[in-house]
Amino acid sequence: MEEYPNKPIGGLLVLYYIILICSLAFYGRELFRSIPSIRYLNKIQEFDHFFFIIFFAFLVTKFVAAMILFFIFMQRKSSTPKLVTIYEGLCIANRLVTLLTMPLKFFLVISLPIIAISITVVIYFKKSKRVKQTFLH
């Protein structure tokens with residue numbers, strides 16, 4: 001295994017960290033906004049009920065995963081690149097589920113670019129020397 005000098009978080013990693021903070025804020029807001037909808041689950045049609053539960057489960061999972069990743073990222077743990085890959089995979093799965101519930105135009109305009117960004121992030125975290133030099137602990 002190659003030895004890398006220990007580097008601080010910098011470059012594109014700062015950009016990813018900012019995106020992670022924005023994601024936490026977004027997921028927190030959406031989670032807070034969707035909690036009142038739980039009271040009306042018995043009035044929602046069965047098909048919509050199923051997708052609301054899937055949406056809510058993804059939302060809770062992504063919020064908790066983003067929170068864990070947020071703290072592990074700052075500690076520069078060696079497990080961070082693997083956790084980023086899992087987190088981005090979860091985001092891709094969520095976007096693919098939107099294909100079942102949203103119009104195709106929404107998927108092509110919103111979800112497909114986000115999936116492309118997630119794939120790019122995973123490749124960056126797997127191949128980048130900067131990542132290997134930063135997450136050593």
Side-chain angles (χ1 to χ4, degrees):
M1 183 171 177
E2 281 184 68
E3 278 295 316
Y4 292 107
N6 195 353
K7 287 196 170 187
I9 294 173
L12 290 176
L13 294 174
V14 172
L15 178 63
Y16 184 76
Y17 196 66
I18 291 168
I19 291 170
L20 187 60
I21 291 169
C22 293
S23 296
L24 264 172
F26 174 76
Y27 297 143
R29 184 193 72 171
E30 288 302 307
L31 196 57
F32 186 72
R33 287 177 56 195
S34 63
I35 288 174
S37 301
I38 293 173
R39 292 186 300 188
Y40 302 108
L41 275 180
N42 60 347
K43 297 178 183 176
I44 299 174
Q45 292 180 357
E46 189 174 325
F47 180 77
D48 292 336
H49 183 270
F50 175 73
F51 282 109
F52 177 80
I53 290 171
I54 289 175
F55 165 78
F56 192 74
F58 265 119
L59 194 57
V60 170
T61 305
K62 287 191 323 187
F63 180 75
V64 170
M67 187 69 75
I68 292 168
L69 189 57
F70 175 80
F71 289 111
I72 289 176
F73 198 95
M74 285 311 291
Q75 294 172 358
R76 297 181 13 212
K77 300 265 185 197
S78 60
S79 61
T80 303
K82 289 179 186 171
L83 292 173
V84 167
T85 301
I86 292 168
Y87 175 74
E88 292 299 330
L90 182 65
C91 291
I92 291 169
N94 183 25
R95 290 296 168 179
L96 291 175
V97 168
T98 63
L99 181 58
L100 301 173
T101 60
M102 299 291 178
L104 183 61
K105 183 178 179 182
F106 175 84
F107 179 78
L108 294 174
V109 173
I110 305 290
S111 293
L112 202 56
I114 292 173
I115 289 172
I117 291 169
S118 291
I119 290 170
T120 304
V121 166
V122 168
I123 292 169
Y124 175 73
F125 270 83
K126 287 196 175 287
K127 301 287 183 184
S128 170
K129 287 183 182 178
R130 175 64 187 220
V131 170
K132 290 177 178 119
Q133 293 172 343
T134 301
F135 300 105
L136 298 174
H137 305 313

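The model shown is predicted, which means the values in this text are computed figures rather than measured ones.
The shortest heavy-atom contact between Pro113 and Ile110 is CD-O, 3.3 Å. Between Phe73 and Ile9, the shortest heavy-atom distance links the atoms O-CD1, 3.5 Å. Nearest heavy atoms, Lys127 versus Lys132: O-NZ, 3.8 Å.
The backbone N or O of Arg76 lies less than 3.5 Å from no partner atom in the side chain of Thr80, so there is not a single donor-acceptor pair.
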Where do Leu96 and Ile115 land on the side chain to side chain contact (heavy atoms under 4.5 Å, CB included) test, with the steps shown first?
CA-CA 9 Å; Leu96 291 175; Ile115 289 172; 3.9 Å; yes
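Proximity of Tyr27 to Met67: side-chain heavy atoms (C-beta onward) are nowhere separated by under 4.5 Å. When side chains are defined from C-beta on, Asn94 counts as touching Lys62, because their heavy atoms get closer than 4.5 Å. Considering only heavy atoms from C-beta on, Ser79 comes within 4.5 Å of Ile72 through its side chain. In this structure the side chain of Tyr87 never reaches within 4.5 angstrom of the side chain of Val122, judged on heavy atoms.
For the atom pair CG of Leu24 and CG of Leu31, the computed distance is 11.0 Å after rounding to the nearest 0.5 Å. A distance of 11.5 Å separates CD in Glu30 from CZ in Phe56, rounded to the nearest 0.5 Å. Once rounded to the nearest 0.5 Å, the distance linking CG of Leu69 with CG of Leu20 reads 5.0 Å. Summarising the geometry, atom CD1 belonging to Ile86 is positioned 9.5 Å from atom CG belonging to Leu90; distances are rounded to the nearest 0.5 Å.
If you look at Tyr124 and Tyr16, their ring centroids are not closer than 6.0 Å.
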